[in-house]
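Beneath this line is the structure, given in structure tokens, with notes to follow.
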Amino acid sequence: MGNYTKAINDLHKKLMEVIFESLGLKPDYLQKEIEQGSQITAVNYYPSCPEPSLALGLPPHTDYGLLTILLQNQEGLQIKEKTGNWHCVPAIKEGLVVQLGDHMEVLTNGRYRGVVHRAVLNSEKNRISIANIQTLSMDTKVGPASELVDDEHSVLYEEASFRDFLKFVSENDVLEGRYIDTLRKEGIH
Ligand SMILES: O=C(O)CCC(=O)C(=O)O
Ligand SMILES: [Fe+2]
């Protein structure tokens, strides 16, 4: 696991560099903060279920953090499309899934959106997923990058830290609203 999480950390760094470049920011933007940040590894085990339609593996949510890099041994991860339909992410052997999280949405001032996803159960096979969520340190406030704010792009999100997020999830039901919704200023959907 140590080698895996180290490799994922390196991959995250490289992906962030190209994402920042795609936004017209320097590739080493936030590099120090990212290096000082945390990597959370969630190992999820979903036993097979004879009636998958009556159970839900993991309810719809977005991940807090910049990117989530996920490995799955069976299909089960689904992402919500703009239409509201759920799209099944195929399980590709040794393939990784990269998802954008809330931090990324705030940082890019809404140019890139966090992906709503859920996990469903399989009637025959047990499923394991390993999700690596990369966040900045506990008390680093993340707000929209000043380079992405100008006369035509006003600030759309409040600043927040990982600690603020943890406080929210400990005080609220996971099924009733996402933390990012509390950060959006009026009129953003
Ligand atoms: O099991 C999955 O595919 C999803 C896991 C997930 O969304 C999470 O751990 O945040
Ligand atoms: Fe997730």
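Atoms within each ligand, like the ligands themselves, are counted from 1 in listed order. The first residue of the sequence shown is numbered 1, and numbering continues consecutively from there.
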If we number the atoms of ligand 1 from 1 as shown, the ones under 4.0 Å from a heavy atom of Arg127 are 1 (O), 2 (C), 3 (O)

Carboxylate-amine/guanidinium proximity below 4.0 Å for Lys6 and Asp10: yes

the protein heavy atom lying closest to atom 9 (O) of ligand 1 turns out to be Asn44 ND2, 3.1 Å

Taking the Fe ion (ligand 2) as the apex, NE2 on His117 and NE2 on His61 give an angle, to 10°, of 90°

Checking distances from the Fe ion (ligand 2), one finds that the N, O or S atom of Asp63 closest to it is OD1

Heavy-atom contact under 4.0 Å between Gln99 and ligand 1? no

Should we say atom CD of Glu124 is surrounded by more than 12 heavy atoms from elsewhere, each under 6.0 Å from it? no

Atoms of ligand 1, numbered as shown, that sit under 4.0 Å from any heavy atom of Ala131: 9 (O)

Note: His117, heavy atoms under 4.0 Å from ligand 1, region reported as side chain

Do Glu21 and Lys26 sit within salt-bridge range, that is, some charged N less than 4.0 Å from a carboxylate O? no

I need the contact type for Asp63 against ligand 1. Using non-hydrogen atoms and a strict under-4.0 Å cut-off, is it side chain, backbone, both or neither? side chain

Looking only at side-chain N and O atoms, does Asp63 offer a donor or acceptor that is under 3.5 Å from a partner on Thr68? yes

Would you check whether Gln72 has a nitrogen or oxygen atom less than 3.5 angstrom from a nitrogen or oxygen atom of ligand 1? no

Test Thr135 against Ile40 for side chain to side chain contact (heavy atoms under 4.5 Å, CB included), laying out the working first. CA-CA 8 Å; Thr135 75; Ile40 297 156; 4.2 Å; yes

Give the atom numbers and elements of ligand 1 that come within less than 4.0 Å of a heavy atom of Leu58. 5 (C), 6 (C), 7 (O), 8 (C)

Considering the heavy atoms of Tyr46, write down every atom of ligand 1 situated less than 4.0 Å from one of them. 1 (O), 2 (C), 4 (C), 5 (C)

Would Ser129 and Tyr45 count as having a side-chain donor-acceptor pair, cut-off 3.5 Å? no

With side chain to side chain contact (heavy atoms under 4.5 Å, CB included) as the criterion, how do Met16 and Gln134 come out once you've worked through the C-alpha distance, each side chain's angles and the decisive distance to 0.1 Å? CA-CA 11 Å; Met16 287 309 301; Gln134 309 274 153; over 6 Å; no

Indicate the ring-plane relationship of His103 and Tyr64, choosing parallel, tilted or perpendicular according to the 30° and 60° boundaries. tilted

